[in-house]
Amino acid sequence: VEKRARTYAEGCGLTAALVEDIVLAAHLHDLGKYDERFQSWLYGRPFGGRDAYIAKSGEFRTRADNSRLQRAAGYPVGARHESGSVVAACTLGLLNGAHDRDLVIFLIGTHHGNGRPLFPVWEEDSSYRFLVESDGVSGEITSGSELARIDSGWIDRFWNLNRKYGYWALAYLEGILRRADCMQSRWEESHGAN
């Protein structure tokens, strides 16, 4: 996703700072998938200690099968891995290279179209934490359900970025990362990669 994001952003003629911020967001966008419940859902069975972390299940599932497996894994209905990715990037100090920290955070959170301006609300045990390891650092984080709170600051970030970049330009920047993620997923599906 990072390579595609760089290619697309550079191809769009963006400034070097915006290109690097989009690439950083691409690098961090799936950290929320470290949630063991999410991994159990993808695997279709309990996630084990020797299992590799995966980004996609790699199999076709009906909507009913997917819902059943999500419930069996204990991954909350409505939960979004993007929220966990935002929390991980912020908590683990992975945003030091950002030119516009708020933009990178926002791109991570919106890379599947949620968080514009609100995240879905889901029921979550507030004590639930999971381990994320990235770029030589690790730590326990929440799933990010708190970002759906009206007082989380997420809506303020959305409006501040709209004022800074403009409505269409912000959506354009989001679209670059979303397209890179989508095209990489399609490539992995067609090549049997995970």
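R178 is not listed as a side-chain neighbour of H112, based on a closest heavy-atom distance of 4.5 Å or more. Side-chain contact between L177 and V1 is present, with at least one heavy-atom pair separated by less than 4.5 Å. Contact check for L18 versus Y165: side-chain heavy atoms found under the 4.5 Å cut-off. Between S83 and W122 there is a side-chain heavy-atom pair separated by less than 4.5 Å. Counting heavy atoms from C-beta on, the side chains of D51 and R45 come closer than 4.5 Å. Two residues are said to be in side-chain contact when any heavy atoms from C-beta on lie closer than 4.5 Å; H81 and Y34 fail this criterion. The side-chain heavy atoms of E82 and I108, taken from C-beta on, include no pair separated by under 4.5 Å.
Side-chain atoms of R163 and N160 include a donor-acceptor pair closer than 3.5 Å. With hydrogens and angles left out, the side-chain atoms of D181 and H29 include a donor and acceptor closer than 3.5 Å. A donor and an acceptor atom, one from each side chain of E36 and S40, are nowhere located under 3.5 Å apart.
The minimum heavy-atom distance between P120 and G78, with the atom names listed, is CB-O, 3.6 Å. Nearest heavy atoms, S138 versus L92: C-CD2, 3.6 Å. Here the closest non-hydrogen pair linking A98 and V104 is CB-CG2, 3.8 Å. Here the closest non-hydrogen pair linking I176 and A5 is CG2-O, 4.1 Å. For the residue pair D30 and A55, the shortest heavy atom distance occurs at OD2-CB, 4.3 Å. Residues A9 and I22 approach most closely at CB-CD1, 4.1 Å, considering heavy atoms.
Counting only distance, with no hydrogens or angles, the side chain of T110 and the backbone of G113 share no donor-acceptor pair below 3.5 Å. In this structure a side-chain-to-backbone donor-acceptor pair under 3.5 Å is present from S152 to R149. A donor-acceptor distance shorter than 3.5 angstrom exists from the side chain of D21 to the backbone of D100, with no hydrogens or angles considered. Using a distance-only test at 3.5 Å, with no hydrogens or angles considered, no donor-acceptor pair links the side chain of Q184 to the main chain of R4. Between the side chain of H191 and the backbone N or O of E188, no donor-acceptor pair lies under 3.5 Å. Looking at Q70, its side chain never comes within 3.5 Å of a backbone N or O of W41 through a donor-acceptor pair. A donor-acceptor pair under 3.5 Å is formed between the side chain of S190 and the backbone N or O of W187.
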Intermediate values then yes/no, side-chain contact (heavy atoms from CB on, under 4.5 Å), L24 and L94: CA-CA 9 Å; L24 179 58; L94 300 174; over 6 Å; no
Stepwise side-chain contact (heavy atoms from CB on, under 4.5 Å) test for L69 and R61: CA-CA 10 Å; L69 290 169; R61 294 177 178 172; 3.4 Å; yes
CA sep, side-chain torsions, deciding dist, call: H27, D135, side-chain contact (heavy atoms from CB on, under 4.5 Å): CA-CA 10 Å; H27 178 65; D135 300 338; 2.9 Å; yes
E10/R6 under salt bridge (charged side-chain N to carboxylate O under 4.0 Å, His left out): CA gap, chis, key distance, verdict: CA-CA 6 Å; E10 288 175 346; R6 179 176 300 284; 3.8 Å; yes
Steps toward salt bridge (charged side-chain N to carboxylate O under 4.0 Å, His left out) verdict (E124, R37): CA-CA 12 Å; E124 181 72 87; R37 302 168 304 175; 2.9 Å; yes
Chi angles and distances behind the ring-ring contact (aromatic ring centres under 6.0 Å, His included) call for F47, Y53: CA-CA 9 Å; F47 181 66; Y53 287 93; 4.9 Å; yes
Residues R116, E174; criterion side-chain contact (heavy atoms from CB on, under 4.5 Å); working and verdict: CA-CA 10 Å; R116 301 199 86 247; E174 291 172 46; 2.7 Å; yes
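Distance check: K33 NZ to F130 CZ gives 12.0 Å after rounding to the nearest 0.5 Å. Rounding to the nearest 0.5 angstrom, the gap separating the SG atom in C90 from the CD1 atom in I105 is 3.5 Å. For the atom pair OG of S85 and CZ of R80, the computed distance is 10.5 Å after rounding to the nearest 0.5 Å. The CG atom of L14 sits 6.0 Å away from the OH atom of Y172 when rounded to the nearest 0.5 Å. Atom OG1 of residue T142 and atom CG of residue L147 lie 7.0 Å apart, to the nearest 0.5 angstrom. Residue D65 holds its CG atom at 8.5 Å from CZ of F60, rounded to the nearest 0.5 Å.
When ring centroids are compared, Y75 and F38 come within the 6.0 Å threshold. Checked against the 6.0 Å centroid threshold, F106 and W154 count as a close aromatic pair.
The pair D35-R129 does not meet the salt-bridge criterion, since no charged nitrogen lies less than 4.0 angstrom from a carboxylate oxygen.
No more than 12 heavy atoms of other residues, nucleotides or ligands sit less than 6.0 Å from atom CD of E123.
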